[in-house]
Amino acid sequence: AMAFIIRSALVKNRSLWLPGLSAVRAVSSPGGPTPPFTTLSVSQPATAVTHIELHRPEKRNAMNKAFWREMVECFTQIAEDPDCRVVVVSGAGDVFTAGIDLMDMASEVLQPEGDDMARTSWNMRRIIAKYQETFSVIERCPKPVVVAVQGACVGGGVDLITACDIRLCTQDAWFQVKEVDIGLAADVGTLQRLPKVIGSRSLVNELALTARKMYADEAKESGLVSRVFPDKEAMLAGALEMAGEIAGRSPVAVQGTKVNLIYSRDHSVAEGLNYMATWNMSMLQTEDVMKSAAASMEKKSPKTITFSKL
Ligand SMILES: CCC/C=C/C=C/C(=O)SCCNC(=O)CCNC(=O)[C@H](O)C(C)(C)COP(=O)(O)OP(=O)(O)OC[C@H]1O[C@@H](n2cnc3c(N)ncnc32)[C@H](O)[C@@H]1OP(=O)(O)O
């Protein structure tokens with residue numbers, strides 16, 4: 001199925017995708033996690049596009065200890081990789097993720113070490129900060145991240161997707177801020193980011209306080225996702241096509257857009273404009289502007305331009 005999906009995206013973007021075809025075959029790992037990772041399958045389905053697949057389908061991609069660490073390692077590499085301009089995140093199997101691995105969390109999260117309450121609490125704080133980092137690295141990564149959700153997206157899954165830049169889902173997808181059901185306040189990003197993704201504060205409160213499921217249509221209507229696809233195959237084809245559109249544009253422009261959108265989300269308009277001016281006083285001097293403007297004047301797509309690596 002993946003070969004078909006990649007092929008259909010390739011057909012639509014031949015000029016961009018064909019040079020990367022050999023790379024796709026060289027790095028794809030259809031069989032399972034990509035070593036040294038044990039929970040992630042990482043491939044390059046097209047030029048400048050990295051695909052990360054959560055890969056524990058037999059456990060519904062539940063987030064075990066290795067996952068929390070491997071996501072940080074993976075995104076740290078991606079942030080610095082000039083051959084990657086955009087990331088697609090998806091889940092293997094029928095379910096995006098069942099959230100935190102409830103069998104694995106007991107040892108670390110529920111039994112922090114320490115000689116007294118202060119030391120135990122301090123250790124707990126470090127553990128929580130480490131878990132938060134797993135999704136904060138997605139937001140800090142200057143490359144846009146498109147996430148594609150099928151089936152369940154539970155607990156930690158919502159923390160994950162709210163740190164991504166573009167959310168897509170299938171018609172059978174559902175989302176659940178499940179944490180109150182397991183006796184905790186969501187603490188790795190949902191309570192901080194979901195209110196900035198969904199316009200309605202009331203809806204966010206309802207979802208987080210009742211742990212009710214939100215299905216695809218409501219997710220679209222509320223703005224949690226921007227597109228709903230009939231099935232996983234169509235969604236992955238759509239995600240890869242979108243990634244191709246992004247990867248074909250100037251990385252200076254694309255990464256500057258992501259960084260400034262996130263900065264503006266968390267600051268006043270005046271602060272955002274000030275940051276933007278400081279950003280662009282150097283970035284506007286890129287050769288990409290002249291190249292892109294010339295192509296635009298000639299009514300050519302920016303995807304016809306070869307941009308230097310960033
Ligand atoms: C500092 C920490 C911060 C992080 C906090 C995060 C919190 C959260 O994520 S809260 C949410 C926790 N997750 C859940 O409560 C979901 C539990 N799972 C389910 O409800 C269902 O599995 C699901 C609806 C996702 C899928 O149902 P399906 O019928 O397709 O599969 P199952 O037969 O239930 O499961 C298949 C095997 O996967 C194992 N599994 C599923 N979820 C988890 C999980 N969260 N942790 C560990 N293992 C999980 C399940 O045990 C089955 O395994 P096996 O029996 O060996 O086949």
Side-chain angles (χ1 to χ4, degrees), residues 32-33 38-41 53-72 75 89-114 119-139 147-164 167 169-195 197 204-216 218-219 224 231-232 235:
T38 59
T39 65
L40 305 175
S41 170
E53 192 178 32
L54 317 188
H55 212 293
R56 287 182 80 214
E58 71 290 353
K59 297 290 181 190
R60 305 302 182 262
N61 302 319
M63 301 164 166
N64 62 3
K65 280 208 282 280
F67 166 86
W68 294 94
R69 188 187 64 248
E70 289 177 4
M71 282 288 278
V72 178
F75 269 93
V89 175
S90 69
D94 296 335
V95 163
F96 178 68
T97 177
I100 197 165
D101 189 317
L102 296 168
M103 307 303 286
D104 210 31
M105 74 181 278
S107 56
E108 190 169 52
V109 179
L110 299 181
Q111 295 165 339
E113 290 176 0
R119 288 169 180 81
T120 308
S121 302
W122 197 245
N123 284 335
M124 189 62 179
R125 192 180 202 290
R126 282 179 26 224
I127 291 167
I128 295 168
K130 187 181 74 178
Y131 277 64
Q132 289 175 343
E133 181 67 3
T134 292
F135 304 136
S136 294
V137 284
I138 299 176
E139 196 171 82
V147 67
V149 176
Q150 82 287 3
C153 176
V154 184
V158 180
D159 294 281
L160 188 163
I161 66 165
T162 51
C164 298
R167 285 165 291 277
C169 77
T170 53
Q171 194 62 58
D172 77 347
W174 52 273
F175 304 83
Q176 190 176 22
V177 185
K178 177 83 172 161
E179 280 84 345
V180 287
D181 278 356
I182 63 162
L184 54 100
D187 57 1
V188 288
T190 290
L191 300 186
Q192 292 66 40
R193 296 189 177 103
L194 190 61
V197 171
V204 171
N205 295 346
E206 183 194 327
L207 294 171
L209 294 170
T210 68
R212 83 157 164 88
K213 293 178 183 176
M214 180 161 81
Y215 293 90
E218 190 185 4
L224 178 60
D231 54 38
K232 185 177 175 186
M235 174 177 68

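When a ligand or atom number is given, it counts from 1 through the structure's own listing order.
Within the 4.0 Å heavy-atom criterion, both parts of Ala98, backbone and side chain, lie near ligand 1. Only the side chain of Val188 comes within contact range of ligand 1, with a heavy atom under 4.0 Å; no backbone atom does. Under 4.0 Å from ligand 1, the heavy atoms of Trp174 that appear belong solely to its side chain. If you look at Asp187 next to ligand 1, the close heavy atoms, those under 4.0 Å, all belong to the side chain.
Using modelled atom types, no side-chain atom of Glu113 and backbone atom of Asn123 make a donor-acceptor pair closer than 3.5 Å. A distance-only check finds a donor-acceptor pair linking the side chain of Asn61 to the backbone of Arg56 [under 3.5 Å]. Listed for the Gln150 side chain is no donor-acceptor partner under 3.5 Å among the backbone atoms of Asp172. Without hydrogens or angle criteria, Arg212 side chain to Glu206 main chain gives no donor-acceptor distance under 3.5 Å. When atom types are taken as modelled, the side chain of Gln176 and the backbone of Ala211 share a donor-acceptor pair closer than 3.5 angstrom.
Exactly one residue among Leu224, Val154, Thr162 makes a side chain to side chain contact (heavy atoms under 4.5 Å, CB included) with Phe175. That residue is Leu224.
Residue Asp94 places its CG atom among 12 or fewer non-hydrogen atoms of other residues, nucleotides or ligands, all under 6.0 Å distant. Within a 6.0 Å radius of CZ in Arg119, other residues, nucleotides and ligands contribute 12 heavy atoms or fewer.
For atom 7 (C) of ligand 1, a protein heavy-atom neighbour is present inside the 4.0 Å cut-off. There is no protein heavy atom less than 4.0 angstrom from atom 34 (O) of ligand 1. Put simply, atom 13 (N) of ligand 1 has protein non-hydrogen atoms near it, under 4.0 Å away. Under the 4.0 Å distance rule, the nearest protein heavy atom to atom 50 (C) of ligand 1 falls outside the cut-off. In this structure, atom 56 (O) of ligand 1 has a protein heavy-atom contact shorter than 4.0 Å. Protein non-hydrogen atoms do not reach within 4.0 Å of atom 21 (C) of ligand 1.
Taking distance alone, with nitrogen or oxygen atoms compared against 3.5 Å, Ile128 stays at or beyond that limit from ligand 1. At least one N or O atom of Arg60 sits closer than 3.5 Å to an N or O atom of ligand 1. Ligand 1 has an N or O atom lying under 3.5 Å from an N or O atom of Gly156, backbone or side chain. The shortest N or O to N or O distance between Lys59 and ligand 1 is below 3.5 Å. Of the N or O atoms in Ala152, none lie within a sub-3.5 Å distance of an N or O in ligand 1.
The nearest heavy-atom contact from the protein to atom 37 (C) of ligand 1 is Glu58 O, 3.3 Å. Given atom 10 (S) of ligand 1, the protein heavy atom at minimum distance is Ile182 CD1, 3.4 Å. Of all protein heavy atoms, the one closest to atom 4 (C) of ligand 1 is Ile100 CD1, 3.7 Å. Counting protein heavy atoms only, atom 47 (C) of ligand 1 is closest to Asp101 OD1, 3.2 Å. Among protein heavy atoms, atom 46 (N) of ligand 1 sits closest to Leu102 N, 2.9 Å.
Of all atoms in ligand 1, numbered sequentially from 1 with element shown, those under 4.0 Å from a heavy atom of Gly99 are 9 (O). Close approach to Tyr131 involves these atoms of ligand 1, each under 4.0 Å from a residue heavy atom: 1 (C), 2 (C). Heavy-atom contacts of Lys178 reach the following atoms of ligand 1: 11 (C), 15 (O) (cutoff under 4.0 Å).
Applying the salt bridge (Lys or Arg N to Asp or Glu O under 4.0 Å) test to Arg126 and every residue at least two apart in sequence or in another chain returns nothing. Looking at residues two or more places apart in sequence or on another chain, you find no side chain to side chain donor-acceptor pair (under 3.5 Å) involving Asp187.
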Can you check ring pair (Phe, Tyr, Trp, His ring centres under 6.0 Å) on Trp174 and Phe96, steps first, answer last?
CA-CA 10 Å; Trp174 52 273; Phe96 178 68; over 10 Å; no
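Here the side chains of Lys65 and Tyr131 are in contact, with some heavy-atom distance below 4.5 Å.
Thr170 and Asp231 share no donor-acceptor pair across their side chains, judged by distance under 3.5 Å alone. In this model, no donor atom of one side chain and acceptor atom of the other lie less than 3.5 Å apart for Arg69 and Thr39.
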